[in-house]
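Some notes on the structure that comes next.
Residue numbers begin at 1 in each chain, while the letters A, B, ... track the order of the sequences. When reading the values below, keep in mind they use all heavy atoms of this one structure, side chains included, and skip hydrogens, waters and symmetry mates. It should be emphasised that the depicted structure is a prediction, and the values quoted were computed from it without experimental measurement.
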Amino acid sequence: MSDSDFMASSRDFIREAIAEDIHAGRFDGRLQTRFPPEPNGYLHIGHAKAIGLNFDVAAEYNGICNLRFDDTNPLKEEQEFVDAQLADIRWLGYEPANVYYASDYFVQLYEWAIELIEKGRAYVDDLSQEEIRAYRGTLTQPGSESPYRNRSVEENLDLFRRMKEGEFPDGAKVLRAKIDMGSPNINLRDPVMYRIRHVEHQRTGNEWCIYPMYDWAHGQSDSIEGVTHSLCSLEYLNHRPLYDWYLDALDVYHPQQWEFARLHFTYTVTSKRRLLRLVQEGYVNGWDDPRMPTLAGQRRRGVPAKALRDLCDHVGVARTNSTVAIDLLEYYIRQELNRTANRVMGVLDPLPVVITNFPEGETEWLEAVNNPEDESAGSRHVPFSRNLLIERADFMEDPPRKFFRLAPGREVRLRWGYFIRCENVIKDARGNIVALHCAYDPETKGGYAPDGRKVRGTLHWVSADHAVPAEVRLYERLFKVENPYDVPEGQDFTANLTANSLSVQNSAQLEPSVQELAVGETVQFERKGYFCLDPDSDKERLVFNRAISLRDTWAKIQASTPRRKSGERG
RNA sequence: UGGGGGAUAGUUUAAUCGGCAGAACACCUGACUCUGGAUCAGGCAGUUGGGGUUCGAAUCCCUGUCCCCCAGCCA
């Protein structure tokens, strides 16, 4: 075994089991996985783990991974979700070897069901839904057998055929596997295989009015496709005996199911039901709202797929339920963006600065490095003029200690530009600061003073005469508490929603080079954070989403310093 | 409560199947810096309780505790 084989096999219990199987020649040494979402919603960051595991494992063992849409319940499924899920998987960086649909196997499944009936291992039950529930027993009490359980094979065959032909209304009958009503595993108490649903399926139209249940469809689909390792989440552990029972009863090719823990995050909900509510009740603007934990939302927000993959690698695969702190995802997002995102200067909340000793109407183009972390990213030129804009928060008339930015009489550096000194504060009639008059030192071009004097602060800025206006959307976490499900009596998770998780900055002014950005591209606005050009942008108006802020130690210092009352100041 | 799965710093994890509990995030210092970013150095902090076997236990045995999943004609 080579080093890399060893590494791969020892990474987690699933890879270990797979390595053993391959070594033992099980499945002829073949490896095939599948990612099997139901197209009833958008994929979210929790799915990234299952997607990555299935595709990565396949790649590691020279196998293949298919995408299979588990479309057995037409009530909930839509083509929109099929398309979105495929797009999201591709965005994550994976390409399915094949795209399959469980609905492609409806005929085979039907024939297999007849085979089970003929073997005396399945029967048509006339019990109502409520009766079936009552007959099933409870967690602690065994169930009891349906009075229809011992119908003849002929009668079952006839009834099942008529179910399929649409003779009975929804709910009138079901096909059940005949297993064991006394089993301690409730999944084995004669599970339903088919239910009657006179609804149109998004792919098979009105061809069918009986639809297979998950358990009946899943293992058989795996078998048909030749899946070797069927990897799913922990809640299916109790289903494995049924998965195996069907395959054994049919005596067909038998894949191996393995279960692993799902990925959860703090400050996040990922249940489809709740995500659907956020969308339907208008708490967010659609499935791809940048605040949503959906892959579509994260992509739109500017989160790099690599960050998600790195996080999954770190978390690994185990059977332990865990909730990852969202800070860890944020760390990987920053780490990746720091490496890859070009820098740009943009002022979100502008304060005019007049460079009193710079000639009116003149422009000087200064060289600015695109990415200090990546020399190959090169440089660009940014315009400098008499009329500049800086961030309002970068000036204080009466600065506290440790404030390194601009203040009356104080000198700072303009990023990639000159040192400037604040000489005058201009106010309106009400005393609001409306502009600053500063003098620049022509000797400090490039950011260094020939006399060796130093400044504490470096500010980002733009030339007001050249700046491009933009709308900037800032996002807070959607939920204000670590565990959104933790709510007071009588309330639901929406009680934990952050009040203003979206705030729009309409007055942002950016350096002109942003006009060359493509939609979906993420750049760093220096000192502010990473921002992604939104599809809402047009020629007239650029729209950016803040993917994430930069780490902000100054904010931390401010927060930890006991605030002085205004009366105590100065 | 029947059945099944699980428990290692605050969080997510590693420990080559009995041999020095090692990382990352978060947090705190400090250095450096033309981003209060990044980087670098350091610090804080852990084996679910009890008992046993052993020279030696996160790991094996016994016995508790706690958490998760299952009673859809959802997946």
Side-chain angles (χ1 to χ4, degrees), chain A residues 6 10 36-38 40 70-73 75-77 125 127-129 132-134 136-143 170-176 183-189 191-197 210-211 213-215 217-218 232-241 259 261 263 266 272-273 311 314-316 318-332 334-335 338-339 343 345 368-369 372-373 402-405 412-417 419 444 446-448 454-460 482 524-529 549-558:
Chain A
F6 178 76
S10 62
E38 182 187 18
N40 68 342
D70 221 332
D71 55 349
T72 57
N73 183 1
L75 248 30
K76 295 178 159 184
E77 299 153 6
D125 197 349
L127 251 29
S128 70
Q129 191 163 175
I132 286 179
R133 185 182 318 138
R136 186 156 31 227
T138 67
L139 292 179
T140 51
Q141 292 167 311
D170 289 8
K173 288 176 167 43
V174 291
L175 184 73
R176 301 177 73 176
S183 172
N185 181 343
I186 292 176
N187 295 309
L188 261 20
R189 320 240 262 232
V192 172
M193 295 167 64
Y194 277 99
R195 72 284 218 187
I196 300 172
R197 283 239 228 277
I210 57 169
Y211 291 98
M213 297 288 290
Y214 164 84
D215 288 297
H218 205 89
C232 59
S233 49
L234 229 36
E235 64 266 33
Y236 293 103
L237 232 183
N238 296 332
H239 291 247
R240 202 205 298 182
E259 310 81 10
L263 179 57
T266 57
K272 285 215 181 116
R273 213 188 91 224
L311 175 113
H314 172 91
V315 168
R319 280 184 156 181
T320 312
N321 287 307
S322 58
T323 302
V324 174
I326 198 72
D327 311 56
L328 190 59
L329 208 214
E330 293 175 351
Y331 163 77
Y332 284 111
R334 289 194 179 103
Q335 184 180 260
N338 179 48
R339 268 188 46 231
R343 292 340 57 164
M345 289 197 286
V369 169
E373 305 294 319
K402 293 190 191 164
F403 183 83
F404 303 153
R405 284 111 98 141
V412 297
R413 170 168 41 231
L414 294 180
R415 181 81 160 148
W416 309 120
F419 287 10
T444 58
Y448 296 96
K454 299 262 200 277
V455 290
R456 285 307 284 278
T458 300
L459 311 186
H460 60 282
E482 261 190 42
Q524 182 190 112
F525 290 180
E526 293 219 35
R527 303 207 306 136
K528 296 309 285 185
S549 64
L550 254 31
R551 283 187 70 235
D552 189 351
T553 12
W554 168 236
K556 236 178 253 174
I557 292 168
Q558 282 179 303

[X] has a side chain; which of [options] sits nearest to it?
| X | options | value |
| --- | --- | --- |
| Tyr214(A) | rA75(B), rU35(B), rC73(B) | rA75(B) |
| Leu550(A) | rU35(B), rC70(B), rC74(B) | rU35(B) |
| Tyr332(A) | rA24(B), rC73(B), rU35(B) | rA24(B) |
| Arg197(A) | rA71(B), rG37(B), rC73(B) | rC73(B) |
| Glu373(A) | rG37(B), rG36(B), rG2(B) | rG37(B) |
| Arg527(A) | rC73(B), rG36(B), rG37(B) | rG36(B) |
| Lys556(A) | rC28(B), rC74(B), rG36(B) | rC28(B) |
| Ile132(A) | rG37(B), rC73(B), rU13(B) | rC73(B) |

Using a heavy-atom cut-off of under 4.0 Å over every strand shown, decide if [X] touches base, sugar-phosphate, or nothing.
| X | result |
| --- | --- |
| Tyr236(A) | base |
| Leu328(A) | sugar-phosphate |
| Gln141(A) | nothing |
| Gln129(A) | base |
| Thr72(A) | sugar-phosphate |
| Arg551(A) | sugar-phosphate |
| Phe419(A) | nothing |
| Lys528(A) | nothing |
| His239(A) | base |
| Leu459(A) | nothing |
| Gly316(A) | nothing |
| Lys402(A) | base |
| Pro142(A) | nothing |
| Tyr211(A) | nothing |

About how many Å separate [atom2] of [Y] and [atom1] of [X], when rounded to the nearest 0.5 Å?
| X | Y | atom1 | atom2 | result |
| --- | --- | --- | --- | --- |
| Met213(A) | His218(A) | CE | NE2 | 14.0 Å |
| Phe403(A) | Arg456(A) | CZ | CZ | 12.5 Å |
| Leu550(A) | Lys528(A) | CG | NZ | 9.5 Å |
| Arg189(A) | Ile132(A) | CZ | CD1 | 14.0 Å |

> Relative to each other, are the rings of His314(A) and Tyr332(A) parallel, tilted or perpendicular (30° and 60° limits)?
Replying inline: tilted

>> Anti or syn, where syn is a glycosidic angle within 90° of 0; which label fits rG6(B)?
In response: anti

Just the rounded figure in Å: distance from [atom2] of [N] to [atom1] of [X].
| X | N | atom1 | atom2 | answer |
| --- | --- | --- | --- | --- |
| Arg136(A) | rC74(B) | CZ | P | 11 Å |
| Ile557(A) | rC28(B) | CD1 | P | 10 Å |
| Glu330(A) | rC27(B) | CD | P | 11 Å |
| Leu188(A) | rG4(B) | CG | P | 13 Å |
| Arg195(A) | rC74(B) | CZ | C1' | 7 Å |
| Glu259(A) | rA75(B) | CD | C1' | 15 Å |
| Leu175(A) | rG72(B) | CG | P | 19 Å |
| Met193(A) | rA75(B) | CE | P | 14 Å |

Does [N] have its OP1 or OP2 closer than 4.0 Å to a side-chain nitrogen or oxygen of [X]?
| X | N | value |
| --- | --- | --- |
| Lys272(A) | rC74(B) | no |
| Thr138(A) | rU1(B) | no |
| Arg189(A) | rA71(B) | no |

> Starting at the 5' end of RNA chain B and moving along, which residue's nearest nucleotide shows up first, Gly417(A) or Thr140(A)?
Replying inline: Thr140(A)

> Nearest nucleotide by nearest heavy atom, which residue falls closer to the 5' end of RNA chain B, Val174(A) or Asn185(A)?
Replying inline: Asn185(A)

> Only one of Met345(A), Arg343(A), Glu373(A) forms a side-chain contact (heavy atoms from CB on, under 4.5 Å) with Gln524(A), so which one is it?
Replying inline: Arg343(A)

> Does the Arg334(A) side chain pair with the main chain of Ser549(A), one donor and one acceptor, at a distance under 3.5 Å?
Replying inline: yes

Applying the Watson-Crick and G-U wobble criteria at under 3.5 Å, what pairs with [N]? Answer none if nothing qualifies.
| N | result |
| --- | --- |
| rC44(B) | none |
| rA9(B) | none |
| rA26(B) | none |
| rU35(B) | none |

Answer with yes or no whether [X] presents, from its side chain, a donor or acceptor under 3.5 Å of a partner atom in the base of [N].
| X | N | answer |
| --- | --- | --- |
| Asn238(A) | rC69(B) | yes |
| His314(A) | rU12(B) | yes |
| Arg334(A) | rG37(B) | no |

Take atom [atom1] in [N] and the same atom in [M], then report the distance between them in whole Å.
| N | M | atom1 | result |
| --- | --- | --- | --- |
| rC61(B) | rG18(B) | C1' | 13 Å |
| rG50(B) | rA23(B) | P | 27 Å |
| rU48(B) | rA7(B) | C1' | 6 Å |
| rA57(B) | rG51(B) | C1' | 14 Å |
| rA38(B) | rC44(B) | P | 23 Å |

> Between Thr458(A) and Arg415(A), do the side chains contain an N or O donor and an N or O acceptor separated by less than 3.5 Å?
Replying inline: no

> Can a salt bridge be assigned to the pair Glu259(A) and Arg240(A) using a cut-off of 4.0 Å between side-chain N and carboxylate O?
Replying inline: yes

>> Between the base of rG36(B) and the ring of Trp554(A) - centre-to-centre under 5.5 Å, planes within under 30° - is that a stack?
In response: yes

> May Tyr331(A) be described as stacking on the base of rA24(B), applying a 5.5 Å centroid limit and a 30° limit on plane angle?
Replying inline: no

>> How would you summarise protein contacts on nucleotides 5-11 of chain B per nucleotide, using B for base, S for sugar-phosphate only and - for none, with heavy-atom distances below 4.0 Å?
In response: SSS---S

